[in-house]
Amino acid sequence: MSLAVHELRVGDPSGVPVVLLHAFPLDHRMWADVAELLVGEPTVLAPDLPGFGTSPSGDSLAGAAGAGPSIDAMADAVADALHARGVPRAVVGGLSMGGYVAMALVERHPGLVAGLALCDTKSTADPDAARENRLRVATTVESDGTLDAVLGMRTTLVGESSRATRADLVERVGGWIADQAPAGVAWAQRAMAGRPDRTAVLAGFAGPALVAVGAEDDLTPLAAAEHMAAAMTGAELVVVPASGHLTAVENPEPLAAALTRLRERVG
Ligand code: MLT
């Protein structure tokens, strides 16, 4: 069994593809605008992470990381799916939870990551209170059998500008959340709760890198982006205006332009 990998764009088969990893609790659809806006002829692949979209659950994917929810198991599932498609190297971009998975790929499958884009994410582990809250949410969605505990994220994921002026965008994000399975949401919360600090992994990454953050991102703010950029050599830091945590959805143009520059650096 393998992850669902969506081909958002078919490009030059001789080039290095772009692989985009989605945020929690969404799926590959959040990357559609960025994929379209990338300049050049990239192939753009967007997996649904375990338990999201049309992918099998985390528990049903045999991961090298062993049993139980983990970001490592998500990264192994992405690596397996890419290898199965004959993709040996990619420009890997991840937003928030997708960024946690991208950092685990750098650690566990370094040959796969030709270029790295970390968007609205952080390399540090959770403080105790945040970890406990994740475990509480996991138990709640499972026992409720609904997504009520996370539906409110449609307004907290986006920034002040989107909340004030873009009701359609907030509803679109809400629709994506509502489409997810409670079991997948619970599994991912437990996986994120257990993730380690990966700042040292970034320090060891020698390839081209981009760190992007929404100017209105309260969840993983500028300081978290600066921390990651400072850990890497020569990472470009981009602050995306008029956007909260979901830069890829709220203001995809500057993010796509930065990803295009990253691709050019990979060659
Ligand atoms: C996300 O957007 O993926 C989440 O905010 C990640 C998290 O809960 O840490």
Side-chain angles (χ1 to χ4, degrees), residues 20-31 34 46-53 55 58 69-72 74-75 78 92-105 117-141 147 149-159 162-163 169-170 172-182 184-199 211-214 216-225 227-228 240 243-252 255:
L20 299 173
L21 305 172
H22 65 80
F24 170 90
L26 308 175
D27 60 35
H28 72 281
R29 288 174 289 180
M30 59 157 277
W31 286 112
V34 166
D48 285 332
L49 291 170
F52 292 94
S55 274
S70 71
I71 294 292
D72 289 359
M74 290 196 189
V78 170
V92 176
L95 194 145
S96 199
M97 178 177 75
Y100 307 154
V101 177
M103 287 181 252
L105 277 172
L118 298 171
C119 314
D120 306 282
T121 190
K122 57 182 179 241
S123 59
T124 50
D126 282 343
D128 287 348
R131 189 176 302 125
E132 281 155 22
N133 188 50
R134 289 191 193 282
L135 300 179
R136 242 191 328 269
V137 172
T139 306
T140 304
V141 290
L147 292 163
V150 292
L151 278 177
M153 289 181 74
R154 70 188 183 284
T155 53
T156 56
L157 287 175
V158 303
S162 301
R163 273 196 298 275
L169 185 146
V170 173
R172 182 154 32 114
V173 171
W176 292 337
I177 296 174
D179 285 344
Q180 307 309 321
V185 166
W187 196 94
Q189 279 289 31
R190 293 187 177 115
M192 290 191 285
R195 76 187 195 286
D197 187 314
R198 284 203 160 96
T199 310
V211 177
V213 62
E216 303 170 10
D217 186 345
D218 297 328
L219 301 177
T220 47
L222 178 60
H227 179 73
M228 293 187 293
V240 176
S243 179
H245 191 59
L246 291 186
T247 45
V249 182
E250 298 179 69
N251 197 355
L255 185 58

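Both ligands and their constituent atoms are indexed starting at 1 by order of listing. Owing to the predicted nature of the structure, the values given are computational and were not obtained by experimental measurement.
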Check your understanding: Is it true that a side-chain atom of R190 and a backbone atom of W187 form a donor plus acceptor pair closer than 3.5 Å?
Key ->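 Between the backbone of W187 and the side chain of R190 there is no qualifying donor-acceptor contact (under 3.5 Å).
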Check your understanding: Do any N or O atoms from the side chain of S243 and from the backbone of G214 form a donor-acceptor pair under 3.5 angstrom?
Key ->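 Pair absent, no side-chain N/O of S243 close to backbone of G214.
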Exercise for review: Ignoring hydrogens, just give me the one of S96, G94, P25, G99 whose non-hydrogen atom is nearest atom 1 (C) of ligand 1.
Suggested key: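 Among S96, G94, P25, G99, the closest heavy atom to atom 1 (C) of ligand 1 comes from S96.
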Check your understanding: Counting heavy atoms only, which of R195, R134, Q189, M97 comes nearest to atom 8 (O) of ligand 1?
Key ->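 It is R134 that holds the nearest heavy atom.
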Exercise for review: Please identify which atoms of ligand 1 are closer than 4.0 Å to at least one heavy atom of Y100.
Suggested key: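 Counting atoms of ligand 1 from 1, those under 4.0 Å from Y100 are 6 (C), 7 (C), 9 (O).
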**Study point:** Proximal atoms of ligand 1 relative to A23 (non-hydrogen, under 4.0 Å)
**Key:**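 Per the distance check, 1 (C), 2 (O), 3 (O).
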Practice item. Could you go through the side chain to side chain contact (heavy atoms under 4.5 Å, CB included) check for L95 and W31 one step at a time? Key: CA-CA 10 Å; L95 194 145; W31 286 112; 3.7 Å; yes
Review point. Taking atom CG of L26 and atom CD1 of I177, what is their separation to the nearest 0.5 Å?
Key: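 L26 atom CG to I177 atom CD1 measures 5.5 Å (nearest 0.5 Å).
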Check your understanding: Between atom CE of M192 and atom CG of D126, what is the distance when rounded to the nearest 0.5 Å?
Key ->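 The CG atom of D126 is 8.0 Å from CE of M192, to the nearest 0.5 Å.
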Exercise for review: Distance to 0.1 Å, residue and atom name: give those for the protein heavy atom nearest to atom 3 (O) of ligand 1.
Suggested key: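 Nearest neighbour among protein heavy atoms for atom 3 (O) of ligand 1, to 0.1 Å: F24 N, 2.7 Å.
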